[in-house]
There are 2 protein chains.
Amino acid sequence: MTVHAGPGDPHRPRAPRWDAPEPSRAGRGARSGPKPGLSVDAIVSAAIAVADAEGMAAFSMRAVGERLGRTAMALYTYVPGKDELLALMHDRALAELPPPAPRSDDWRAAATDWAEQLYACYLRHPWVLRLPPARPALGPAELAALESLLSALAPAALAPARLRGAVAALRQYVRGAAAATADASGDQLDGFAPDFAEHFPLLTALRRDPGGAPGNEDGEAFRAGLAVLLDGIAAS
Amino acid sequence: MTVHAGPGDPHRPRAPRWDAPEPSRAGRGARSGPKPGLSVDAIVSAAIAVADAEGMAAFSMRAVGERLGRTAMALYTYVPGKDELLALMHDRALAELPPPAPRSDDWRAAATDWAEQLYACYLRHPWVLRLPPARPALGPAELAALESLLSALAPAALAPARLRGAVAALRQYVRGAAAATADASGDQLDGFAPDFAEHFPLLTALRRDPGGAPGNEDGEAFRAGLAVLLDGIAAS
DNA sequence: CCGGATATCCTTACGCCATAAAGAGTTGCC
DNA sequence: GGCAACTCTTTATGGCGTAAGGATATCCGG
């Protein structure tokens, strides 16, 4: 990545090593000052711990600092601001995804696996689905996930345009479904006006139908939608 | 809906008419006080105007009040808090969607239309995709949109489980794709490490391929994914 | 061993935010 | 007229991100 808000940037004179471990410590002969007590990695870990445990609403620079026994301002030595920290968190979360599985001819199983891994990752870190849009480019882990999906779909030998469509559909579907599941609002449509059934007859009918499994409803819905999608890919 | 934080609620003694026009003014014989200079509707409209124009980052109770020539606190007479206002904004935005089209046997065209309407609506109001998860239930406009989709899909005569999957896939795909388009980050993956092509060969290959239309790339990607999805529904 | 440079980390402060509390002014019913 | 109900304002509280500046620790060249 190397976003490099280096010391040349007059706007951000702090933050000597933003974003990368700065190969060695040999930038200039000048290195001095007290040993760093923190690191970008440690801050990102603490930040993810806060977001996972307390939710995004309770996430703040102060909260992250506190978890590390520092003040909020101490973080600014390592990270230029909250937005950049969020971007690092995002990519770190996606880095939990497994590397591309060894090539298999069963693209359907491979794609299913990919989708379920990503879905589970989003549910482990639901705050990812709520990050602000500022980041200018995809992070390395997100790129790796895309590459992984392409590798899973390779045996299907789709035409390029079709492949683009399939990737977009899978990626966005998983994200949307995870967002729906995470916002437990889900499809809670009871307790409404008394004329609910009148206004929404088809919804009511679908609702009354002997649904799928009783528990784990969200997971079931996710898999059902995924199956439809994969059928579409298969139909190419 | 009738969420009714009525005067009986000790926690919210204000906000006499939250969420519905309160059929007439006949709640109790007691009505008095100055004529309301605002209304929930006017506030929601102003709030949407602010969010559309300035983006969610600049959205605040103060900003909405200012647009109406009032202070932030004046809004609290009509709306119990920011979260509830956001929920109303969400539903109002989705209320722009057209009512169910007259029944047509071409479910594919009908579903495509539904998806494009929703996609366009999200792009008109991208802040909708970024709302906090608090709301406990779907709003009436969102329910109407679902009913509309069911009506579009009716001629396909899907089995209930399959129908559920198709609805979930379409809904979440449109939402995810809109979010990706709105965060103009899109798929910006250039300007990276020099070994980009090495690390991500499949991505690089797909990228090099003579893509679809030159302009309107997002819309193209959206339609391609949608086509895959609809093929999946057709394969039932 | 000693300055000076450089780095980490802290305190303080500013201008935002949502919203609680209390009061001023307006209106309609008795 | 009096009073209750209502709208809207002012003020205040406790949070936020982060700019600014200072204390302190560490290293380097002398």
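No hydrogens, no waters, no symmetry mates; every other heavy atom, side chains included, goes into these values. We name chains A, B, ... by the order of the sequence lines, and we start the count at 1 in each one.
Within the 4.0 angstrom heavy-atom criterion, base atoms lie near B:Ala74.
Between A:Glu220 and B:Arg164 no salt bridge is recorded (no basic side-chain N to carboxylate O distance below 4.0 Å).
Look at CE on A:Met73: it is 14 Å from P on C:dA13, rounded to the nearest Å. As rounded to whole Å, 14 Å separates atom C1' of C:dC17 from atom CD of B:Glu66. Atom NZ of A:Lys35 is separated from atom C1' of D:dT24 by 16 Å (rounded to the nearest Å). The distance between atom CG of B:Leu38 and atom P of D:dC6, rounded to the nearest whole Å, is 16 Å. What separates CD of B:Glu54 from P of C:dC17 is a distance of 12 Å, to the nearest Å. Atom CG of B:Asp83 is separated from atom C1' of C:dT19 by 12 Å (rounded to the nearest Å). One interatomic measurement links the two molecules: CE of B:Met61 to P of D:dC8, which rounds to 14 Å at whole-angstrom precision.
Residues passing the side-chain hydrogen bond (donor to acceptor under 3.5 Å, both in side chains) test with A:Asp52 are A:His125, A:Trp127, sequence neighbours excluded.
Heavy-atom distances to DNA chain D give each of B:Leu75 and A:Gly33 a nearest nucleotide, and the one nearer the 5′ end belongs to B:Leu75. Toward the 5' end of DNA chain C, the nearer of the two residues B:Ala72 and B:Pro34, judged by each one's closest nucleotide, is B:Ala72. Nearer the 5' end of DNA chain C, as judged by each residue's closest nucleotide, is the contact made by A:Gly37, out of A:Gly37 and B:Ala58.
Within the 4.0 Å cut-off from OP1 or OP2 of C:dA7, not a single side-chain nitrogen or oxygen of A:Ser32 is found. Contact check, A:Lys82 against D:dG17: a side-chain N or O comes under 4.0 Å of OP1 or OP2. Dashed line: the shortest gap from a side-chain N or O of B:Thr71 to OP1 or OP2 of D:dC8 is not under 4.0 Å. Contact annotation: B:Arg62 reaches the phosphate of C:dC17 (side-chain N/O to OP1 or OP2, under 4.0 Å). A sub-4.0 Å separation between OP1 or OP2 of C:dA21 and a side-chain N or O of B:Tyr76 is absent.
Proximity note for A:Arg70 (side chain, C-beta onward) versus C:dA13, D:dA5, C:dC9: the nearest is C:dC9. The listed nucleotides are C:dG25, D:dC16, C:dC9; the one nearest the side chain of A:Tyr78 is C:dC9.
More than 12 non-hydrogen atoms from other residues, nucleotides or ligands lie less than 6.0 angstrom from CD of B:Glu96.
A:Trp114 places no side-chain N or O within donor-acceptor distance of the main-chain N or O of A:Pro100, the cut-off being under 3.5 Å.
Atom CZ of A:Phe196 sits about 4.5 Å away from atom OG1 of A:Thr204, to the nearest 0.5 Å.
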